There are 2 protein chains.
Amino acid sequence: MTQLSRKIRPEDEVEGLDAPALRRLNALGPLDAADRERLRAAMAEARIVPVRHPILTLGRPMPESQILLQGWAARVRILPDGRRQFMSFYLPGDVIGRVHHALPIASATVLALTECVLCTAPAAPAGSSLEQVYAVGEALDEAYLLGHVVQLGRLNAQERIGDFLLEIYERLSLAGLTVGGSFEMPLTQEMLADALGLTPVHVNRMIQQARRDGDLMWKSGRVLLRDPDRTARTIGRLRPQVTGAQPEGGTDTTSEPSRPA
Amino acid sequence: MTQLSRKIRPEDEVEGLDAPALRRLNALGPLDAADRERLRAAMAEARIVPVRHPILTLGRPMPESQILLQGWAARVRILPDGRRQFMSFYLPGDVIGRVHHALPIASATVLALTECVLCTAPAAPAGSSLEQVYAVGEALDEAYLLGHVVQLGRLNAQERIGDFLLEIYERLSLAGLTVGGSFEMPLTQEMLADALGLTPVHVNRMIQQARRDGDLMWKSGRVLLRDPDRTARTIGRLRPQVTGAQPEGGTDTTSEPSRPA
DNA sequence: CGATAACTTGACTATCATCAATACCAGTGG
DNA sequence: CCACTGGTATTGATGATAGTCAAGTTATCG
């Protein structure tokens with residue numbers, strides 16, 4: 001690890017600062033007392049990664065996997081000519097850097113988008129509730145990644161923004177980080193553009209249109225979705241669910257040509 | 001499973017038809033004799049899924065994970081209005097439907113793009129070489145998925161096609177399914193469009209331009225890449241490598257704005 | 001309160017989508 | 001052997017979505 005990590009400050013240790021992460025993990029599958037204690041112990045040993053610093057670096061050996069306790073991080077790839085693409089985001093309660101094979105090499109750079117508080121992910125004994133939680137978390141990660149592909153491939157700018165904000169809203173809800181329909185959104189429009197495969201200018205225009213249409217409020221790092229359900233329906237967003245069957249996205253999947261926005 | 005699976009026909013069992021899959025698996029990490037035997041046994045019990053039939057269905061319970069022995073399959077999502085997006089492809093030697101958590105529900109529909117020959121993936125004893133191979137395979141899958149996100153988000157039509165064909169070329173090479181720079185490509189331009197987030201018409205135009213530029217030959221289901229390395233370099237494609245460190249995609253990943261094609 | 005980053009806006013362009021024919025090609029049945 | 005058929009590929013004309021360039025206008029934060 002190269003980042004300038006430093007010990008957590010005393011003022012960060014006040015009660016409940018790691019509650020969102022804990023709550024999120026517990027939402028993936030109920031944790032028993034033993035695992036809860038494991039997590040608490042791990043969280044006591046947290047550390048901070050400053051904004052814009054890497055948490056993992058592509059091609060570099062990976063340390064143990066980590067739990068993000070506070071802040072936002074993202075997997076990013078930068079092309080030789082400077083184009084940048086965020087591939088996925090990590091929110092409080094997400095596990096970063098799980099590997100199952102012998103070679104612990106980071107397959108992507110993970111960047112702290114805000115100041116991040118992290119702790120080592122405690123090892124999960126075979127058959128433990130924590131092991132289930134990790135597995136479910138990984139499945140969710142993949143589901144979001146698949147969703148991102150659909151977003152980039154087949155949604156227009158407007159839909160991408162709506163879909164993205166809905167996803168974030170859902171994920172933050174699991175951690176108890178939403179208030180009403182609103183939540184903290186530390187991303188700049190430029191970062192949003194790099195997640196959605198658009199330019200900052202175009203993102204800006206679409207956001208303003210959404211504002212005019214009354215779908216959205218976005219002021220000083222806080223987003224309010226006016227009618228999440230309606231938006232979700234118009235996009236046909238299917239929310240990943242680990243706890244039951246999903247509504248089918250389309251119909252028979254057997255045929256059907258390509259017909260972009 | 002709903003597909004009309006039927007027992008493999010005698011004429012499919014001639015020597016070596018499953019060789020590509022075996023070769024691909026072995027390329028991920030050397031298999032010892034015991035695991036090789038497990039695979040051989042599993043492959044003896046293969047079955048066929050006809051073209052356009054589902055191998056897994058979104059939201060439905062999943063059977064054991066399977067190894068694709070012959071043919072192409074893809075994870076697909078279809079939006080309510082008919083837009084279709086292929087999220088990833090399965091080639092011979094790929095494992096379909098691994099799950100690690102208790103709830104075996106398919107997170108996407110997997111469609112047979114050609115007639116597919118499949119077998120059950122033999123269970124991998126803890127610590128076996130096969131377990132490593134499965135894990136590496138999964139890591140590769142994710143790497144390709146990440147690549148797909150970058151492709152859709154930041155590459156233009158021309159680059160997407162080049163990058164896609166390069167990926168397929170690399171993957172088929174591992175299974176020994178390439179001859180010189182050429183390989184079988186059973187996808188129609190329409191399917192390609194649904195993978196790359198484009199329209200069939202535009203894909204067609206870009207392909208023809210690539211042909212005129214001498215980058216490409218594509219005739220009756222067979223593709224020949226003229227100069228894979230040059231193409232790879234101009235796109236800045238980074239090939240996922242499980243066996244060593246990767247060339248860094250860009251520079252410091254610390255800063256840099258968004259600047260699409 | 002000045003400086004830097006973030007956001008807005010306008011004018012113009014380009015890439016890609018849409019619509020609509022037409023050409024091609026393999027397999028089918030007469 | 002050949003017309004017929006359905007899927008696939010190709011082409012042209014036109015339009016819309018999103019990108020580019022460049023100049024402001026706010027915020028935000030030492």
Side-chain angles (χ1 to χ4, degrees), chain A residues 50-52 72 79 81-85 113-115 151-162 164 184-212 216-223 254-261, chain B residues 51-52 79 81-85 113-115 151-162 164 184-212 216-223 254-261:
Chain A
V51 205
R52 275 181 298 270
W72 287 39
L79 303 185
D81 65 354
R83 285 178 281 181
R84 183 174 72 167
Q85 178 69 42
L113 301 179
T114 67
E115 175 170 286
Q151 206 183 64
L152 293 171
R154 286 299 176 216
L155 299 189
N156 62 31
Q158 191 91 153
E159 295 170 320
R160 287 183 209 181
I161 293 173
F164 178 84
E184 290 268 329
M185 239 290 292
L187 302 189
T188 64
Q189 294 182 0
E190 184 178 23
M191 293 189 238
L192 197 49
D194 284 336
L196 302 182
L198 301 167
T199 54
V201 173
H202 199 58
V203 164
N204 180 278
R205 293 190 165 118
M206 295 300 104
I207 286 174
Q208 292 185 56
Q209 186 182 322
R211 283 204 266 247
R212 278 194 299 276
L216 193 62
M217 278 185 62
W218 182 340
K219 191 88 169 83
S220 55
R222 178 160 277 272
V223 168
T254 304
S255 47
E256 294 321 305
S258 56
R259 184 146 36 92
Chain B
V51 205
R52 274 182 300 271
L79 303 185
D81 65 355
R83 284 178 281 182
R84 183 173 73 167
Q85 178 68 44
L113 300 179
T114 67
E115 176 171 286
Q151 207 183 63
L152 293 171
R154 288 295 175 218
L155 300 188
N156 62 30
Q158 191 93 148
E159 295 169 320
R160 286 183 210 182
I161 293 172
F164 179 83
E184 289 268 330
M185 239 290 293
L187 302 188
T188 64
Q189 294 181 1
E190 183 178 22
M191 293 190 243
L192 196 50
D194 284 337
L196 303 182
L198 302 166
T199 54
V201 172
H202 199 58
V203 164
N204 181 277
R205 293 193 164 116
M206 294 301 103
I207 286 174
Q208 292 184 56
Q209 187 183 319
R211 282 203 267 245
R212 278 194 300 275
L216 194 61
M217 278 187 62
W218 183 340
K219 192 89 170 79
S220 55
R222 179 159 277 272
V223 168
T254 303
S255 47
E256 293 323 301
S258 57
R259 183 148 33 94

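The model shown is predicted, which means the values in this text are computed figures rather than measured ones. Note: hydrogens, waters and symmetry copies are ignored here, and every other heavy atom, side chains too, is used.
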Listing time: all N or O pairs from protein to nucleotides 3-7 of chain C that are below 3.5 Å?
from, atom 1, to, atom 2, distance (Å)
C:dC7, OP2, A:Gln189, N, 2.9

Can you tell me which nucleotide in D:dG19, C:dA17, D:dG12 comes closest to the side chain of B:His202?
C:dA17
Please report the distance, rounded to the nearest Å, between CG in A:Leu155 and P in D:dA18.
11 Å
Rounded to whole angstrom units, what separation is found between the CZ atom of A:Arg160 and the P atom of D:dA18?
7 Å
Could you check how far CG of B:Asp194 sits from C1' of D:dT8, rounded to whole Å?
14 Å
Could you tell me how far apart B:Lys219 (NZ) and D:dT8 (P) are, to the nearest whole angstrom?
16 Å
Sequence-distant partners of B:Gln151, side-chain hydrogen bond (donor to acceptor under 3.5 Å, both in side chains), two or more places apart:
B:Asp163
Those residues that, when tested against A:Arg222, pass salt bridge (Lys or Arg N to Asp or Glu O under 4.0 Å) (two or more places apart)
A:Glu184
From CG of A:Asn156 over to C1' of D:dG19, roughly how many Å is that when rounded to an integer?
16 Å
In terms of side-chain heavy atoms of A:Val201, which of C:dA17, D:dA22, D:dG19 is nearest?
D:dA22
Please check this pair: side chain of B:Arg154 against backbone of A:Arg83, looking for a donor-acceptor N/O pair closer than 3.5 Å.
no
Got a sec, which residues hit side-chain contact (heavy atoms from CB on, under 4.5 Å) with B:Gln189, two or more places apart in sequence or on another chain?
B:Val203, B:Asn204, B:Ile207
For A:Val223, enumerate each residue passing the side-chain contact (heavy atoms from CB on, under 4.5 Å) test, keeping only those at least two apart in sequence or located in another chain.
A:Leu165, A:Phe183, A:Met185, A:Leu216, A:Trp218, A:Leu225
Measure from CG on B:Leu198 to P on D:dA18 and round the result to the nearest Å.
14 Å
Distance check needed: C:dA14 C1' versus B:Gln158 CD, whole Å only.
15 Å
Does B:Leu198 reach the side chain of B:Met206, with side-chain heavy atoms less than 4.5 Å apart?
no
Roughly how many Å is it from CG in A:Leu152 to P in D:dA18, rounded to a whole number?
12 Å
